[in-house]
Each structure stands twice: as C-alpha cells, then as structure tokens.
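Following: one structure in structure tokens, then a few remarks.
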Amino acid sequence: MKKLEFPSGRTLICGILNVTPDSFSDGGKWASPGEAAARGIALEREGADLIDIGGESSRPGSAPVSFEEEGQRVIPVIRALAPRLKIPVSIDTCKPEIARLAVAAGADIINDITGFKDPAMIEAAAASGAGAIIMHMQGEPRTMQASPVYGDVVAEVKAFLAERAAALEAAGVKQIILDPGIGFGKTLEHNLALIARLDEIRALGYPVLLGVSRKKFIETLSGGGPEERLSGTIAACVSGAAKGADIVRVHDVAECRKAMLVSDAIKAAVKK
Ligand code: 7PM
C-alpha cells in the first residue's frame, strides 16, 4: 500500500484518469485498459503525485452505472497501471464492491463522492488498509444541481466532513483526506464561498483536496467549453492553494504543476 506523503510547502497534484465512455471533458478517449494505463504513466511523468481513476460518471444529471460495467472499466486499468507507478492511485467510486476489488487490484486510496455515508464503504477502507477521500455532496448526482440550499454552506460542509472523518477514524482508517465537493449540489456562490473559506475546512486538521478542474462554475464565470477552462482552473487552484488546499485534482497535470510551483514559492515567501 503506497501512502500519500505531504512534503511541506508543496501543493500536490492529483491527476484525473477518467475511464467513463461519457465523461464530459476527456471520456471515451482510451480504447483499451493498456491505453488508459499509458495515460496514467504519462500523468506521473507530467508531475502527478496521485492518480484518481474513475469509471462512474458523477456528472450532474447523470444516471448511475451498474457494478459490472464500472468494474469492467476500472479494474483492468488499475491492475495494469498501479504496479508501474511510484505514486499512489485512488479509485473514484461509491460502490463498496468496486472499492474492495480496486484495492485488491492495487489502488491505495478510496475516493467516495458520497462521503462514506454507506457503512460498507467505511468497512472497505478499514479492512483493506486503504486511505479515504471524503467528499461532500448535497443530494445525488441526478438531481443535486436542481436547487441546492444551505444556511452557511461552509459551516454545513465542514460539520459533515468532521462527522464523517470521526466515523472513519473510529473504524481505523489510516489516511483521511477531506474535500468540499465543488459543483456537487452547489450554486456558483456556494462554490466560491467554499474556495474562499477553504482555510475553515483545513482547520479540522486533515489534508484537504480541492476539485475544480474544468468545472461548470468556471464556464459560468469565464465561458468556454471544458477544454477552454484551463486558465480558470488554474486561477481556482491558486486561490484554493492560498487558502490551504493540500492537493488539487486536475485534468491538466503539467500546466497545473507549473502553476503550483510558482504559487507555492510565493506562499513560502509570505511566511518569511
Ligand atoms: C462529469 C461531471 C464528469 C463531473 C465528472 C465530473 C470530484 C471527484 C469528480 C471532486 C473528488 C469531475 C467530476 N469530481 N472526486 N470526482 N472531488 N474527491 O469534474 O471534486 O471530475 S467527477
């Protein structure tokens, strides 16, 4: 089991490897598990510190994917890729059976967009020794963007993550990472508040992952299709890192790595 290390002064890069046929920005590109694995190797070379593999479209408005289908997409890729990497792999799933199979195939961290609300997901992490990325989502992917409502979005997301982290710790899960779940049951204003006040979530004492890459809120602010949202993605990553994000989850690894090298250096200079 590889553990994600957090060298001080560096914002880590989590590279996205989508193996969904319908993923909005880079899905359906990989014709075979071997091709997807080759992309994963390329992401490590570009500077990724973690590779997140997902086979279930969590697109707002999307329908769920069957266990068989999801397993056929992700397991062969993890089996081909994980042994060839120095860095850890996370599996983006909310199905406990997929999580268990993925860890057996070589995944190191379970990334659950439903925030480990299912006790079987906690058990999958605890029993396997895998780490956990706990993400906050209001509602479910099919309907979550209809009319998200919060009193204080940051306080509510923080309370949810604190409660889930305590449950995972009680179960013996070793490595816990928190994620506010940008775009998952959130309006533009909610997303902006969560990034602007990310330090409040960081104050819980766990590493924080921020997933903003190519998301809809960037289009809302600056326009463009998914492939035209890199500038906005970098702006959001830099802002998030300034507020304490430990990891940014991105499609464009080489570009974001360079941006973080610059913003990390400036952050270090502020402290002196
Ligand atoms: C379509 C719409 C396809 C949205 C994919 C997505 C996150 C995640 C995703 C995140 C964590 C995407 C999302 N987003 N896991 N999985 N945090 N931990 O934009 O923000 O990649 S799927």
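Source: prediction; values computed, not measured.
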Once you round to the nearest 0.5 Å, how far does SG of C256 lie from CG of L261? 11.5 Å

In this structure, CD of E255 is separated from OG of S213 (nearest 0.5 Å) by 10.0 Å

Give every donor-acceptor pair under 3.5 Å between a side-chain atom in residues 157-164 and any protein atom, sequence neighbours left out.
from	atom 1	to	atom 2	distance (Å)
K158	NZ	E200	O	3.3
R164	NH1	F116	O	2.5

Got a salt bridge between [X] and [Y], using NZ or NE/NH1/NH2 to carboxylate O under 4.0 Å?
{"X": "R214", "Y": "E219", "result": "no"}
{"X": "R73", "Y": "E69", "result": "yes"}
{"X": "D246", "Y": "R202", "result": "yes"}
{"X": "D108", "Y": "K3", "result": "no"}
{"X": "D92", "Y": "R249", "result": "yes"}
{"X": "E44", "Y": "K86", "result": "no"}

Identified side-chain contact (heavy atoms from CB on, under 4.5 Å) partner of L43 from the options I51, V250, D52: I51

Who pairs with A80 by side-chain contact (heavy atoms from CB on, under 4.5 Å), at least two apart in sequence or on another chain? A37

Using the side-chain contact (heavy atoms from CB on, under 4.5 Å) criterion, which residues pair with D179? Sequence neighbours excluded. I133, M135, L209

Side-chain donor-acceptor contact under 3.5 Å, T20 with N18: no

Regarding T93 and E70, do their side chains bring together a donor and an acceptor under 3.5 Å, going by distance alone? yes

Show me the side-chain donor-acceptor pairs of residues 7-17 shorter than 3.5 Å, one per line, residues at least two apart or across chains.
from	atom 1	to	atom 2	distance (Å)
R10	NH2	D49	OD1	2.6
R10	NH2	D49	OD2	3.0
T11	OG1	D264	OD1	2.6

Pair up each side-chain donor or acceptor in residues 180-192 with any protein partner under 3.5 Å, not counting sequence neighbours, and list the distances.
from	atom 1	to	atom 2	distance (Å)
K186	NZ	H136	O	3.0
K186	NZ	H136	ND1	2.8
K186	NZ	P180	O	2.8
K186	NZ	G181	O	2.8
K186	NZ	F184	O	3.3
T187	OG1	E189	N	3.4
T187	OG1	H190	N	3.2
T187	OG1	H190	ND1	3.0
H190	ND1	T187	N	3.0
N191	OD1	G183	N	2.9
N191	ND2	T187	O	3.2

Has Q175 got a side-chain atom pairing as donor or acceptor with G131's backbone, closer than 3.5 angstrom? no

Throw together a table of side-chain donor-acceptor distances under 3.5 angstrom for residues 121-128, partners on residues two or more places apart or in other chains.
from	atom 1	to	atom 2	distance (Å)
S128	OG	A124	O	2.7
S128	OG	A125	O	3.2
S128	OG	A130	N	3.3

